[in-house]
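When reading the values below, keep in mind they use all heavy atoms of this one structure, side chains included, and skip hydrogens, waters and symmetry mates.
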Amino acid sequence: MTEFILASGSKTRAKMLKDAGVNYTVQTASVDEDTLKEALVADGAAPRHIADALAEMKARAVSFMHPQALVLGADQILVKDDKIFSKASNQQEAEATLKELSGGEHRLISAAVICQNGQAIWRSVDQVKMDVRPLSDTFIKQYLDTLGDDAYWSVGCYQLEGIGAQLFNRVDGDYFTVLGMPLLPVLDFLRRYNLLPL
């Protein structure tokens with residue numbers, strides 16, 4: 001059977017695959033995401049293209065080391081009012097992110113790319129619209145204190161599968177896309193490659 005590799009250190013993506021019954025190994029990609037992202041933003045690339053390009057870069061990097069394997073790369077972009085957000089690295093940045101998202105809508109774009117022999121052979125990009133309720137400074141502080149370092153795992157500092165559900169009025173789109181990967185299309189691909197039963 002063809003080896004399937006997740007080119008991501010994301011605990012959430014790994015759990016999604018495991019919970020769905022997928023056999024895989026993990027190898028994180030040593031790539032400079034920030035430089036590519038900055039270059040694409042500077043060139044005026046669409047957010048969908050940025051997410052797709054970052055996902056492909058991760059998958060390709062690992063695919064060159066394991067050419068026969070199917071390698072999955074994924075990435076996520078958050079956009080509000082044409083501003084592209086990055087993951088917070090500390091509580092101050094997380095507070096600033098949540099204050100900007102408070103009381104408005106933003107888009108969350110998740111991309112997945114599968115490579116073999118260093119070439120992309122499949123890709124999927126999905127988008128979700130997120131409506132954040134007005135958040136008080138007190139709530140934001142308590143929320144981040146509760147999450148701790150887990151707030152820095154996702155670009156929006158939220159975990160919809162847990163306490164992060166309290167942030168939203170409404171979510172329009174696929175649940176798995178919010179978590180960081182369009183899982184259902186990935187599973188469909190794996191069935192077509194006989195890595196999951198039909």
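Partners of E38 according to the salt bridge (charged side-chain N to carboxylate O under 4.0 Å, His left out) rule, which considers only residues two or more places apart in sequence or in another chain, do not exist here. Residues satisfying the side-chain hydrogen bond (donor to acceptor under 3.5 Å, both in side chains) test with R123, not counting sequence neighbours, are D52, E56. For D174, the side chain to side chain contact (heavy atoms under 4.5 Å, CB included) partners at least two apart in sequence or on another chain are D126, F176, T177, L184. For D81, there are no salt bridge (charged side-chain N to carboxylate O under 4.0 Å, His left out) partners, not counting sequence neighbours. Residues forming a side-chain hydrogen bond (donor to acceptor under 3.5 Å, both in side chains) with T35 (at least two apart in sequence, or on another chain): D32. Every side-chain hydrogen bond (donor to acceptor under 3.5 Å, both in side chains) that K15 has, sequence neighbours left out, goes to D19. With sequence neighbours left out, E93 forms a salt bridge (charged side-chain N to carboxylate O under 4.0 Å, His left out) with no residue at all. Scanning for side-chain hydrogen bond (donor to acceptor under 3.5 Å, both in side chains) contacts around R107 gives Q127, with sequence neighbours left out. Annotation: salt bridge (charged side-chain N to carboxylate O under 4.0 Å, His left out) contacts of K18 (sequence neighbours excluded): none.
N90 contributes a side-chain N or O that, together with a main-chain N or O of Q92, makes up a donor-acceptor pair within less than 3.5 Å.
Side chains of Q116 and S63: a donor-acceptor N/O pair is absent below 3.5 angstrom, by distance only.
Checked for salt-bridge contact, K141 and D145 meet the test: a charged N lies under 4.0 Å from a carboxylate O.
Legend: ring-ring contact (aromatic ring centres under 6.0 Å, His included) pairs involving residues 177-198, not counting sequence neighbours, sorted by first then second residue: W122-F189, F189-Y193. Residue pairs meeting the ring-ring contact (aromatic ring centres under 6.0 Å, His included) criterion with at least one member in residues 66-114, sequence neighbours excluded, are H106-Y158.
Taken to the nearest 0.5 Å, the CD atom of Q27 stands 9.0 Å off from the CD atom of E3. Once rounded to the nearest 0.5 Å, the distance linking CG of D131 with CG of D172 reads 8.0 Å.
In the hydrophobic clustering, M57 connects to V31, L36, L40, V41, I50, L54, I77, V79, I84, I109, V125, either directly or through intervening members, whenever side-chain heavy atoms lie under 4.5 Å apart.
Nearest heavy atom pair, residue K58 against residue A74, reads NZ-O, 2.8 Å.
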